[in-house]
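Here is the structure we will look at, set down as structure tokens.
Each chain gets a letter, A, B and so on, in the order its sequence line appears, and its residues count up from 1. This is a predicted model, so every value here is computed, not measured.
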There are 2 protein chains.
Amino acid sequence: MNDQFSISDLAREFSITTRTIRFYEEKGLLTPQRQGSSRIFNMTDRIRLKLILRGKCLGFSLEESRDIIGMYEPETANTRQLEVLLDKIYEKQQLLEQQKKEINKMLKDLKNTEQICMDTLSLQSDEAKTG
Amino acid sequence: MNDQFSISDLAREFSITTRTIRFYEEKGLLTPQRQGSSRIFNMTDRIRLKLILRGKCLGFSLEESRDIIGMYEPETANTRQLEVLLDKIYEKQQLLEQQKKEINKMLKDLKNTEQICMDTLSLQSDEAKTG
DNA sequence: TCTTACGTTTACGTTAACGTAAAGAGGAAT
DNA sequence: ATTCCTCTTTACGTTAACGTAAACGTAAGA
């Protein structure tokens, strides 16, 4: 079945440990089915895991990732919940745009330092020739 | 002097605690001068602190920020160090570009969910009128 | 002179996010 | 039958990044 994953399937695919996956379940971020005592994950679980790891890569806590997951699944929400959700979405969008700005600043600075490094290196190789 | 900051000056400016600043010094990320027993920070310290906090916002550890700081101050490096530094810079650039991609994915998804929310809400308000 | 505000060091406490080890169950292969 | 592999639960351990509290020094202001 294309929609069935064991815990080690997912662990392998995303290069994490099974402990990590169990921990996420413990925290309520994943809710796999059971076959006997073994966990069976489906596509929804897989996507959630992907979101968690993406959030992690961006410096989000698991609690923030929990929010993010909620933002991806608005189907069950009522009007009030949807409004709260929209607010959260706006907020998160602002934060992401801000992060992009910080990244761009850092990239610009790194490019600058890169140039300095290369200039210095080429200067040193010149000195080696003439000195 | 425009280039002198007390610990609480910086704490106030960046909305962090003095404990945090002392902690960064303890870890060797900041190296303020002393006036008696009091710490005196200069512009370099301020910039370093800014870099640390920017890194933090992007999910970097203090050790990674230590690396970043090194990338901003290549003056003292010799040839070998510069080459290592360049490698680190390339690596960090890759990572930052990757982070930007993740952010864009997430922004796209959020925009999508936002639309769904708004559609659902407007649908519900229609139902309220006709129901 | 006393309080208030700021600074110091030392040191134990806390939280998130897992790591790691122990002890065991269930199924497949030799 | 036993070895191997994957799975389970329980539970203590660990690290980063500070928080918090105690106990103290110093200088300004009422």
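A donor-acceptor pair under 3.5 Å is formed between the side chain of B/Thr120 and the backbone N or O of B/Ile116. Side chain of B/Gln115 to main chain of B/Asn112: no donor-acceptor pair is present (N/O by atom type, distance under 3.5 Å, no hydrogens or angles). The backbone N or O of A/Asp109 sits less than 3.5 Å from a side-chain atom of A/Thr113, completing a donor-acceptor pair.
Distance B/Ile21 CD1 to D/dG19 P: 11 Å, rounded to the nearest Å. Put simply, CG on A/Leu29 is 12 Å from C1' on C/dA17, counting in whole angstrom units.
Checking the phosphate oxygens (OP1, OP2) of C/dG7, a side-chain nitrogen or oxygen of B/Ser6 falls inside 4.0 Å. Within the 4.0 Å cut-off from OP1 or OP2 of D/dC18, at least one side-chain nitrogen or oxygen of B/Tyr24 is found.
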N/O contacts under 3.5 Å, protein versus nucleotides 27-29 of chain C?
none

Report, one pair per line, the protein and nucleotides 3-5 of chain D atoms (nitrogen or oxygen only) whose separation is under 3.5 Å.
none

Atom pairs, protein N/O to nucleotides 12-15 of chain D N/O, distance under 3.5 Å:
none

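In terms of heavy-atom proximity, A/Pro74 sits nearest to A/Leu85 at CB-CD2, 3.8 Å. Across all non-hydrogen atoms, the minimal contact from A/Asp45 to A/Pro32 is OD2-CA, 3.7 Å.
Note that the CD atom of B/Glu25 and the OG1 atom of B/Thr31 stand 8.0 Å from one another [nearest 0.5 Å]. With rounding to the nearest 0.5 Å, the separation of OH in A/Tyr24 from CD1 in A/Ile21 is 9.0 Å. Atom OG of B/Ser15 and atom CG of B/Leu10 lie 12.0 Å apart (nearest 0.5 Å). For the atom pair A/Asp67 CG and A/Leu62 CG, the distance stands at 11.5 Å (nearest 0.5 Å). Between the CG atom of B/Leu49 and the OG1 atom of B/Thr44 there is a distance of 12.5 Å, given to the nearest 0.5 Å.
Residue A/Thr18 is out of contact with every strand shown, counting any heavy-atom pair closer than 4.0 Å.
Nearest-nucleotide positions on DNA chain C place B/Arg12 closer to the 5' end than the other of B/Glu26 and B/Arg12.
The side chain of B/Ile7 approaches C/dT8 more closely than any other nucleotide in the set D/dC18, C/dT8, C/dA17. Distance from the side chain of A/Thr17 is smallest to C/dG19 among C/dG19, D/dT9, D/dG19. The side chain of B/Ser8 lies closest to C/dG7, out of D/dG19, C/dA17, C/dG7.
Inter-residue side-chain proximity for A/Gln99 and B/Cys57 is flagged as met; some heavy-atom pair is nearer than 4.5 Å.
Taking the side-chain hydrogen bond (donor to acceptor under 3.5 Å, both in side chains) definition, one finds that B/Glu114 meets it with A/Gln93, sequence neighbours left out. In terms of the side-chain hydrogen bond (donor to acceptor under 3.5 Å, both in side chains) criterion, residue partners of A/Gln98 (sequence neighbours excluded) are, by chain and number, A/Glu102.
Within residues 31-56 of chain B, the residues that place at least one heavy atom under 4.0 Å from DNA chain D are, in residue-number order, B/Lys56.
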Residue pair B/Lys108, B/Asn104: steps toward the side-chain contact (heavy atoms from CB on, under 4.5 Å) verdict: CA-CA 6 Å; B/Lys108 193 178 162 191; B/Asn104 283 329; over 6 Å; no
